[in-house]
Amino acid sequence: MPVPNALRNIAPTVWELPVGYKPGMLVPARIFATEKLLHAMDAGVFEQVSNVACLPGIINHAYCMPDGHWGYGFPIGGLAAMDPEAGVISPGGIGFDINCGMRLVLTNLTCDEVQPRLHHLVDQLFYRVPAGVGGHGFVRLSHDEFCRVVEQGSRWCLKNGYAWPEDLEMTEEGGCFPGADASKVSAKAVDRGYNQIGTLGSGNHYLEIQVARRENVFDEETARAFGITAPDQVVIMFHCGSRGFGHQVATDYLQTFLGVMEKKYGIQVNDRELACAPFRSREGQDYFAAMKCAVNMAFANRQVILHRIREVFADVFHRDPRDLGMNMVYDVAHNTAKLERHLVQGKMREVLVHRKGATRAFGPGMEGIPDCYRETGQPVIIGGSMETGSYLLAGMASGDQAFYTTAHGSGRTMSRHQAKKLFKGQKLQRDMEARGIYVQTVSYGGLAEEAGAAYKDIDDVVEATELAGLSRRIVKLTPVGNVKG
DNA sequence: ATGTTC
């Protein structure tokens with residue numbers, strides 16, 4: 001793919017489109033990538049990241065991570081920090097699947113211990129963690145009770161027996177963004193979401209049994225701090241978000257913003273998909289409060305899924321989940337907007353950070369990460385495709401160059417439509433089983449869309465984040481079992 | 001991503 005002529009190489013893994021690349025840019029646009037990944041990016045990335053650079057109140061740069069690709073308004077892999085007083089909030093900078101994120105859970109089992117029961121284990125997970133479009137969960141909630149879930153997130157789960165106390169500490173922001181207000185959420189969103197707690201969803205959402213092979217440990221000391229202590233230790237990784245609920249919240253407020261952006265607030269954008277409102281406006285604050293509900297719904301969703309996973313392991317291995325060492329490493333969000341304090345031009349100040357397909361990666365010693373990770377920096381979980389593996393990384397002090405943010409996954413190289421034409425789900429399932437990965441899916445078409453070859457090489461993506469100083473590799477994790485939504 | 005095109 002040809003890159004724009006105006007693109008300048010600032011450092012080996014940093015590329016910049018200067019102000020003036022297109023009219024209206026307030027700051028330069030920065031792309032983190034190796035030369036190989038840069039050339040694998042679609043033209044939409046350059047178009048979209050430079051459009052983001054035109055949004056009112058943007059600070060420093062508009063950014064795109066190494067796994068960046070074309071998305072709704074913002075690129076997926078997009079990062080933009082706004083001045084909360086003069087800037088805007090934009091749903092396109094967060095994504096439809098609000099608080100889509102990753103959770104990584106330990107076990108003290110080895111691959112050899114799991115292997116004889118792997119099929120049964122994956123089948124049970126497939127049966128007990130509902131997946132697929134329109135899937136509904138086993139938690140029966142009234143609409144009113146669901147409103148408490150979305151205001152309290154993981155705290156609701158703790159009160160209702162779905163969490164261990166320490167799970168909350170190992171979740172970004174304790175599993176609850178404060179200030180969530182269910183009265184800012186439409187009845188339609190509540191109606192779509194109230195029966196979706198504890199469900200995986202579809203698309204690239206999955207639940208995976210993985211192995212930390214000894215030869216894939218990059219930093220043994222940090223791995224140990226993250227709970228990876230034994231050769232061929234088995235871990236569980238899953239990826240999902242706020243389901244139909246978050247989707248409806250995003251849809252509702254995109255509509256609202258389109259109605260007021262120009263007429264009421266006089267804001268012009270290059271693309272209607274960048275619909276936004278001043279952060280301090282009524283509409284902006286309402287969306288922020290509703291978005292937090294979706295964030296908390298996703299935290300609660302992943303928490304209830306973890307509860308179900310623990311039940312399945314207890315049944316399959318006839319042992320208590322505590323005895324199986326099923327503690328969380330961490331839970332990271334990769335589709336959010338959040339007020340954070342950052343050093344901007346030598347001054348600590350509050351900024352509104354939009355991360356869309358981009359993971360917070362706080363470095364060592366920073367406020368807001370668990371004490372046990374103070375020395376190492378926060379754990380960062382980056383999911384690859386179901387065929388090629390995933391990574392556990394750590395935040396770095398040099399992450400300050402991008403508001404302590406890193407990549408979130410592989411990034412697609414082809415559309416879902418193309419992948420479906422190229423791959424056949426049933427054959428893929430057989431091929432993967434021959435290579436030691438047992439897959440269960442609700443949809444063979446959906447499986448084909450997620451073929452490893454439809455994604456960039458995860459090794460390339462994490463290498464780029466490390467070279468750029470955004471996050472460093474700790475352990476590569478290899479899949480042996482997968483439940484595909 | 002998504003009661004996958006109100």
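Throughout, a chain's letter reflects where its sequence line sits, starting with A, and its residues are numbered from 1. No experiment lies behind these values; they were computed from the predicted model shown.
Judged by the 6.0 Å and 45° rule, R103(A) forms no cation-pi pair with Y330(A). For the pair R412(A) and W70(A), the cation-pi test (distance below 6.0 Å, angle within 45°) is failed. Judged by the 6.0 Å and 45° rule, R128(A) forms no cation-pi pair with F126(A).
Going from atom NZ of K484(A) over to atom C1' of dT4(B) covers 13 Å, rounded to whole Å. In this entry the distance linking CG of D252(A) with P of dC6(B) reads 14 Å, nearest Å. L254(A) places its CG atom 16 Å from the C1' atom of dC6(B), with the value rounded to the nearest Å. The CD atom of Q248(A) sits 11 Å away from the P atom of dT4(B) (whole-angstrom rounding). Straight-line distance from the OH atom of Y72(A) to the C1' atom of dT2(B): 13 Å, rounded to whole Å. The distance from atom CD1 of I94(A) to atom C1' of dT2(B) is 17 Å, rounded to the nearest whole Å. One can place CD of E449(A) at 13 Å from C1' of dT2(B), the figure rounded to the nearest angstrom. When the C1' atom of dT5(B) is taken as reference, atom NE2 of H417(A) falls 16 Å away, rounded to whole Å.
Looking at heavy-atom distances under 4.0 Å, K188(A) makes contact with a base. Residue contacts shown for Q255(A) are absent, as no nucleic acid heavy atom lies under 4.0 Å away. G244(A) comes within contact range of the sugar-phosphate backbone alone, with a heavy-atom separation under 4.0 Å but no base atom that close.
Using modelled atom types, one finds no donor on one side chain facing an acceptor on the other under 3.5 Å when comparing N270(A) with K22(A).
Residue S202(A) places none of its side-chain N or O atoms closer than 4.0 Å to OP1 or OP2 of dT4(B).
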